[in-house]
Amino acid sequence: MSLTLHGIGVSKGIAIGKVHVVRNDILEISHKTITKVDAEVMRFKNAIDLAHQQLEHIKEQIPKNPTVDITAFIDSHLLMLEDSLLAKTPIDLIYEHSCNAEWALQMQSNEIIQIFEAMDDPYLSSRKNDVEQVVNRIQRVLHGYTDISFETTLAFLANTIILADDLSPADTVLMQHQGILAFATEYGGTTSHTAILARSLGIPAIVGLRRARPYIKADDTLIIDGEQGVIFVSPDEHCLRHYQIRQNEQKHFRAVLGKIKSSPTVSKDGIPITLHANIEFPEDMDAVKRVGSKGVGLYRTEFLFMNRHSPPEEDEHFDAYLKVINAMQGGQVTIRTLDLGADKQILSNHATNCNSALGLRAIRLCLNNSKLFKPQLRAILRASALGQVRMMIPMVTSFQELEQIFIIIKEIRAELQKKSLDFDPKMPFGVMLEVPAMAICTDLLAPKVDFLSVGTNDLIQYTLAIDRGDEAVNYLYDPLHPAVLRLIKMSIDAATRADKPISMCGEMASDSKYVKLLLGLGLRYFSVNPESFLEVKQIINNSNIKDLTKFTDYTMAMNSSSKIAESLKNINS
Ligand code: PEP
Ligand code: MG
């Protein structure tokens with residue numbers, strides 16, 4: 001029987017294919033007294049062996065040049081399986097307590113996790129997640145699940161649609177390598193980083209499909225409409241045909257857009273607009289070139305840190321930046337420093353339910369941990385000698401933070417000079433406007449920096465006090481809220497008065513619905529995901545900015561976002 005389910009469409013596109021249901025749920029572990037203790041120990045040893053075989057199997061399927069070092073990630077899990085803390089101590093506990101293997105393993109993992117939790121270093125404490133993942137793997141084998149998680153069947157993910165409770169950005173990267181068609185999750189919001197990644201990778205995606213999994217069986221055929229946020233389960237012939245036609249129309253639309261690739265980005269009334277692309281990996285440069293972008297307005301470097309256990313060394317940073325600079329062939333490259341924390345955790349399958357968006361994230365984490373920050377700053381400075389590099393800092397909240405960053409950069413410059421290593425002493429330095437406090441102070445901030453960039457994903461989350469990754473409050477995530485529009489306008493006006501370039505690299509700039517409004521608000525520099533690049537360009541090239549300015553003056557006087565949305569519909573039609 002066919003069925004329709006509704007969620008939040010976060011990445012456009014239509015996918016038609018068989019579903020692969022991912023089960024990451026926590027298992028229930030109960031205590032049992034065992035009489036045949038030797039047999040129980042054997043059951044535990046067999047489970048360890050099988051977990052080992054599964055990881056080896058996954059390793060064999062990893063492509064030769066993955067974007068992130070997944071092999072090292074799997075290797076570390078293999079080592080843990082061999083460690084006596086996991087492979088031997090539970091056996092001692094089974095003998096000591098005559099208990100079942102699941103219970104012994106659970107007791108031991110609680111002990112280990114407590115030790116990791118007590119560690120301050122984010123990399124060391126992140127090993128806790130590895131322990132959880134490895135333990136979960138063994139527990140699932142003990143429970144009789146041989147298909148432990150989506151990872152065990154990596155090769156079969158090709159051409160499937162993934163359905164999961166939640167996916168971390170790291171999961172998404174792992175699966176993208178396997179050629180999945182689309183994904184749908186029960187949790188997550190429009191601007192969660194997993195959603196952004198999906199857009200950037202061009203994978204249709206729907207999030208926030210609460211309790212969808214009971215209605216979908218393994219191997220069901222699904223249609224995913226990533227724009228409307230609708231899933232059709234076991235669609236009938238008529239529905240299937242309709243979506244196959246739409247899929248072809250979209251292909252055609254992309255082909256038509258391809259024709260404006262080499263034309264300049266300039267409004268109908270002759271105002272030139274800078275349109276650059278956002279990237280997460282050096283490999284994204286293929287997509288950047290494909291759409292003809294002349295620059296990178298946001299390089300999210302934190303993806304270099306994911307699915308691994310030690311931060312990248314300076315040279316690794318440098319090599320990644322060099323790849324981007326070389327691919328850009330003289331074009332501007334804006335490298336944003338590490339923005340880890342909140343929903344961007346280091347490891348795959350890490351639960352993201354707690355809200356750490358207000359915690360030690362981005363520049364706060366970097367200033368707290370110079371071992372993470374300094375190698376990256378050194379690499380960015382060195383890279384600046386080889387191309388048009390700009391350095392950008394995320395989540396700046398105070399002027400004191402800025403002063404601290406200036407001191408560190410000064411120290412690093414002196415170190416580089418001492419070692420006779422080249423860097424561009426004039427490399428532009430900019431900050432993101434993501435915290436409302438800083439957007440309000442743009443007039444005070446602008447004289448201290450070379451450029452600014454509005455990060456609407458966070459600016460909206462912090463202005464409206466809603467977690468961008470939480471589907472339960474997604475209905476409040478509103479780029480058209482008058483407070484958001486006022487903050488954007490205030491920032492653009494203050495930066496323009498100070499004669500400092502200001503861009504927007506948040507997802508609002510990539511959304512075709514808002515392009516005209518942003519032009520009317522005075523935005524002249526957009527940085528967008530490569531998937532949206534040509535569509536945004538087409539809208540800019542068809543816009544008359546003088547008319548749009550009049551429209552936005554009128555819109556800014558409105559006190560409700562639904563009225564603003566209504567008048568926007570007229571101007572967009
Ligand atoms: C933003 O907050 O708008 C932004 C571009 O940064 P990120 O999405 O990586 O947090
Ligand atoms: Mg941000």
Side-chain angles (χ1 to χ4, degrees), residues 10-11 168-170 172-173 188-201 205 207 276-281 284 296-306 334-346 352 355-366 376 390-397 401 430-439 451-470 477-479 481 484-485 487-488 491-492 502-511 514 518 523 525-533 536:
V10 292
S11 180
S168 68
T172 315
V173 173
T190 317
T191 52
S192 64
H193 286 95
T194 301
I196 292 177
L197 200 55
R199 287 194 280 278
S200 162
L201 298 169
V207 300
H276 285 173
N278 294 346
I279 63 163
E280 276 84 41
F281 304 103
D284 293 342
V296 170
L298 167 65
Y299 174 9
R300 288 185 168 97
T301 58
E302 51 276 8
F303 285 88
L304 212 61
F305 290 72
M306 285 183 187
T334 307
I335 305 177
R336 181 177 75 178
T337 58
L338 173 67
D339 181 12
L340 276 182
D343 67 337
K344 278 182 281 194
Q345 296 296 332
I346 296 163
T352 58
N355 182 4
S356 48
L358 303 176
L360 203 58
R361 172 190 167 188
I363 190 60
R364 302 170 185 185
L365 179 69
C366 289
Q376 174 164 48
R390 308 197 302 172
M391 180 193 287
M392 181 160 81
I393 312 287
M395 273 281 289
V396 173
T397 310
E401 280 175 335
V431 299
M432 290 189 70
L433 297 174
E434 296 181 288
V435 179
M438 267 338 212
F451 69 93
L452 295 141
S453 188
V454 187
T456 47
N457 308 335
D458 280 314
L459 187 66
I460 297 170
Q461 132 163 289
Y462 297 129
T463 305
L464 304 181
I466 41 138
D467 185 335
R468 64 194 261 193
D470 184 351
Y477 195 92
D478 184 6
H481 191 295
V484 173
L485 297 184
L487 278 174
I488 294 172
S491 306
I492 293 174
I502 182 163
S503 64
M504 181 179 286
C505 60
E507 290 296 294
M508 191 175 174
S510 297
D511 191 326
Y514 306 129
L518 294 171
L523 190 70
Y525 180 169
F526 292 65
S527 189
V528 304
N529 63 59
E531 270 296 299
S532 311
F533 189 93
V536 171

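Residue numbers run from 1 in the order of the sequence given. Just follow the structure's listing: the first ligand is 1, and inside any ligand the first atom is 1. Keep in mind that what you see is a predicted model, and the values were worked out from it rather than measured.
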> Any idea which atoms of ligand 1 are less than 4.0 Å away from a heavy-atom of R300?
4 (C), 5 (C), 6 (O), 7 (P), 8 (O), 9 (O)

> Suppose I only count heavy atoms of L298 and a 4.0 Å limit; which atoms of ligand 1 are within that range?
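That gives atoms 5 (C) of ligand 1.
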
> Using a strict cut-off of less than 4.0 Å between a Lys/Arg side-chain nitrogen and an Asp/Glu carboxylate oxygen, indicate whether D458 and R361 qualify as a salt bridge.
yes

> Does D339 bring an N, O or S atom to under 2.8 Å of the Mg ion (ligand 2)?
no

> Which ligand 1 atoms, with their elements, are less than 4.0 angstrom from a heavy-atom of G455?
1 (C), 2 (O), 3 (O)

> Would you mind running through ligand 1 and noting each atom that sits below 4.0 Å from a heavy atom of M432?
4 (C), 5 (C), 6 (O)

> Restricting to N, O or S, what is the name of the atom of D458 that lies nearest the Mg ion (ligand 2)?
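It is OD2, the N, O or S atom of D458 closest to the Mg ion (ligand 2).
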
> Checking contacts here: is it the side chain or the backbone of N278 that comes within 4.0 Å of ligand 1, counting heavy atoms only? Could be both or neither.
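Answer for N278: neither.
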
> Output the list of atoms in ligand 1 that are nearer than 4.0 Å to some heavy atom of R468, sorted by atom number.
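Answer for ligand 1: 2 (O), 7 (P), 8 (O), 10 (O).
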
> Any N or O on E507 sitting closer than 3.5 Å to an N or O of ligand 1?
no

> Among F533, Y525, Y299, find the one that has a ring-ring contact (aromatic ring centres under 6.0 Å, His included) with H276.
Y525

> Atoms of ligand 1 less than 4.0 Å from I196 heavy atoms?
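Near I196, meaning under 4.0 Å from one of its heavy atoms, ligand 1 has 8 (O).
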
> Looking at E434, pick out the N, O or S atom nearest to the Mg ion (ligand 2) and give its name.
OE2

> Side chain, backbone, both or neither: which applies to D339 and ligand 1 if a contact is any heavy-atom pair less than 4.0 Å apart?
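Side chain only.
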
> Which atoms from ligand 1 have a heavy atom of R361 less than 4.0 Å away?
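Answer for ligand 1: 10 (O).
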
> Is ligand 1 under 4.0 Å from a heavy atom in the side chain of R336, in the backbone, in both, or in neither?
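Contact part for R336 vs ligand 1: side chain (C-beta onward).
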
